[in-house]
Amino acid sequence: MPHPVVTRFAPSPSGLLHLGNVRTALFNWLYARRHGGRFVLRIEDTDRARSDEAQIGALMAELGWLGLDWDAGPDREDAAGPYRQSARGAFYAAAWQRLLAADLAYPCYCTPLELEMARKAALSRGEPPRYAGTCARLDEPGRAAREREGRAPSLRFRVPSGQDIRYQDLVRGPQRFSSDELGDFVIRRADGSAAFLFCNALDDSAMGVTHVLRGEDHVANTPRQQLLVLALGERVPAYGHVPLLVGTDGAPLSKRHGSASVADVRAAGFLPEAVVNLLARLGHSYPVEGWLEPAALIGHFDLSALGRAPAHFDLTQLQYWQKEAVRRAPAATLEPWARGRVPPGEEARFIAAVRANLTLPPDAAEWAHLIYGELPCAEGAVRTAIVEAGEGLFAAALAVTAERVDYARLITALKAATGRSGRALFQPLRAALTQRLDGPELAQLIAVIPERQIRVRLAAARDLASRTARHEAANR
RNA sequence: GCUCCCAUCGUCUAGAGGCCCAGGACACAGCCCUCUCAAGGCUGGUACGAGGGUUCGAAUCCCUCUGGGAGCGCCA
């Protein structure tokens, strides 16, 4: 095994973990696991102002929640670390020195304002707004003069001219760029911090990353990063660019599409397995339909099955996978949905009774109320069902349940007493006991509704039916 | 403004010149099963963005248009 696969996820800890980002993280993870390789987590926190420890913790918690485990990362350091860029200053400084010494980089004294004006000017001339190379040929006196003006320089990489850069994109196939389309780019900001293009590429090489799957917004970065890595004499990883995730309307996925971040879907109560089953198929097709356990997700993952068109994230698809996930979830996963809403100790029995009717936690809350709560007076179709059945049914039911509640005994007795069966029997009973016409099997429900509530509800139904009957008789 | 990429049912997708008047899944509708809902089973409608080529033959190849996405930063 000459080249063990190493992939990575390199988020910047600013803001929430976006679904589009985790999808690329997932692809990298799947690819590494598929090939028995390593998956590493690197925190890109060079931009100090935008990062904080709490965010890093949250980010790791969310990845872990999804089941994406990493072999090395900020909490699992190894020889290739440190895995947070804020701790890699010395390493970057050494690289800048080497580039400077070889004249492959130069200080740039242009101010943000000057650059902005140059960009606008280029744009109005119909040219791409790339760096013009103003400081590229500055000699020592020129630099000294600018230093005296108090300008803090950034450091730019000197992009060679007239070079052809080609690479084989893992998902887009052969790519070709001319270095002349690339402006000299900043590798160290004026404040001394490392710029993305630079530290991202450098760290990938230093950490032995062999395959980089990332969003297609990085395609144009690839030739720059290759040039840079090559200039430093390091190894270049293979790159694959996956299309971005968009909302149902085709616009980039954002808040207004509902759930756009891992935090959102998690807060809504979606299970990680559901999220992963969906994400793994957005822009990637599996040869098998239906639910896949992590091992199968890994086993069937295939780079050549990655698509090149933007994929739409659709909440109704997530709902479907969620139902599948709930169906398979161990009781312990679902019990928290019940906690605090059902009598202590009843969680397991409650979940067992209603799980087929659950998709998200609010469903559990609703059923908990219908089962254990005080129900108001019946209305609408529920009321009609009760009234239509008549007082006798409920009176008989109360008689049979006076001592204890036994489902089989109750049904048998009611069939005998009323001559009713099937829908004519169950529907009014269901209506009286849950105030719903749909729901889990009655046997299941009766097993969890407290006996006292059963009698209260049956009595309420009986009274409602008799009151209505008298009322109608009086009106006649 | 310039450059690059993409384009099959509402959505996820299969399809790499004849196997496709386009297959599967989700969603939707109907039926069956069933005390109801869900699940399950069956059935149905809905798509190759448009126009030109190439070819005996095109969803598949080429061109134009249209639509979408991305990039051109001291943002990552």
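Chain letters run A, B, ... following the sequence lines, proteins first, then strands; residues in each count from 1. All values derive from a computational prediction rather than experimental measurement.
Listed by chain and residue number, A/Phe27, A/Val242, A/Leu245, A/Leu279, A/Leu282, A/Ala311 satisfy the side chain to side chain contact (heavy atoms under 4.5 Å, CB included) test with A/Arg23 (two or more places apart in sequence, or in another chain). Among residues two or more places apart in sequence or in another chain, the side chain to side chain donor-acceptor pair (under 3.5 Å) test is passed with A/Glu116 by A/Arg119. Applying the salt bridge (charged side-chain N to carboxylate O under 4.0 Å, His left out) criterion to A/Arg462, with sequence neighbours excluded, gives no partner residue. Checked against side chain to side chain contact (heavy atoms under 4.5 Å, CB included), A/Ala105 has the following partners two or more places apart in sequence or in another chain: A/Leu99, A/Leu100, A/Leu155, A/Ile187. Every residue two or more places apart in sequence or in another chain that forms a side chain to side chain contact (heavy atoms under 4.5 Å, CB included) with A/Ala201 is listed here: A/Gln225, A/Val229. Here A/Ala87 pairs with A/Pro82, A/Arg84 under the side chain to side chain contact (heavy atoms under 4.5 Å, CB included) rule; sequence neighbours left out.
A salt bridge links A/Glu324 with A/Arg328; the closest basic N to acidic carboxylate O contact falls under 4.0 Å.
Nearest heavy atom pair, residue A/Arg281 against residue A/Gly290, reads NH2-O, 2.9 Å. Closest non-hydrogen pair, A/Asn21 versus A/Phe9, comes out as O-CE1, 3.7 Å.
When distances are taken from the side chain of A/Arg327 to each of B/rC35, B/rA39, B/rA76, the shortest belongs to B/rA39. The nucleotide whose nearest atom lies closest to any side-chain atom of A/Ala356 is, among B/rG71, B/rA38, B/rA14, B/rA38.
Among the protein residues, A/His241 comes within range of no part of the nucleic acid, since none of its heavy atoms lies under 4.0 Å from any strand. Within the 4.0 angstrom heavy-atom criterion, base atoms lie near A/Asn357. When heavy atoms are screened at a 4.0 angstrom cut-off, A/Asn221 is found touching base atoms of the nucleic acid. The residue A/Phe177 sits apart from the nucleic acid: no heavy atom pair falls under 4.0 Å. In this structure, A/Leu244 reaches the sugar-phosphate backbone alone: every heavy-atom distance under 4.0 Å involves primed, P, OP1 or OP2 atoms, never a base.
Between A/Tyr167 and A/Tyr239, the ring planes are perpendicular. Angles over 60° get that label, and only those under 30° would be called parallel.
If you check the side chains of A/Thr134 and A/Arg156, you find no donor sitting under 3.5 Å from an acceptor. At a cut-off of 3.5 Å, with distance as the only test, no side-chain donor of A/Arg430 or A/Thr434 sits close to an acceptor on the other residue.
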(request) Please report the C-alpha distance between A/Phe198 and A/Tyr92 in whole Å, then the side-chain angles of each, then the deciding distance to 0.1 Å, and finally whether the ring-ring contact (aromatic ring centres under 6.0 Å, His included) criterion is met. (result) CA-CA 9 Å; A/Phe198 169 83; A/Tyr92 301 142; 5.8 Å; yes
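Taken residue by residue, residues 426-440 of chain A places heavy atoms nearer than 4.0 Å to RNA chain B at A/Phe426, A/Arg430, A/Leu437, A/Asp438, A/Gly439, A/Pro440. Within residues 154-163 of chain A, the residues approached by RNA chain B to less than 4.0 Å at the level of any non-hydrogen atom are A/Ser154, A/Arg156, in residue-number order.
Across every strand in view, B/rA25 sits in a pair with B/rU11 that passes the Watson-Crick or G-U test at under 3.5 angstrom.
For residues 350-370 of chain A, every residue pair satisfying the side-chain hydrogen bond (donor to acceptor under 3.5 Å, both in side chains) rule, not counting sequence neighbours, is listed here: A/Glu366-A/Arg436.
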(message) Within the 4.0 Å limit for protein heavy atoms, which parts of nucleotides 41-46 of chain B are touched? Write it as a string from 5' to 3', B for base, S for sugar-phosphate only, - for none.
(response) ------
(message) Return a single string for nucleotides 3-12 of chain B, one symbol per nucleotide in 5' to 3' order, where B is base contact, S is sugar-phosphate-only contact and - is none, cutoff 4.0 angstrom on heavy atoms.
(response) -SSSS---BS
Dump every N/O contact between nucleotides 30-33 of chain B and the protein below 3.5 Å, one line per pair.
none

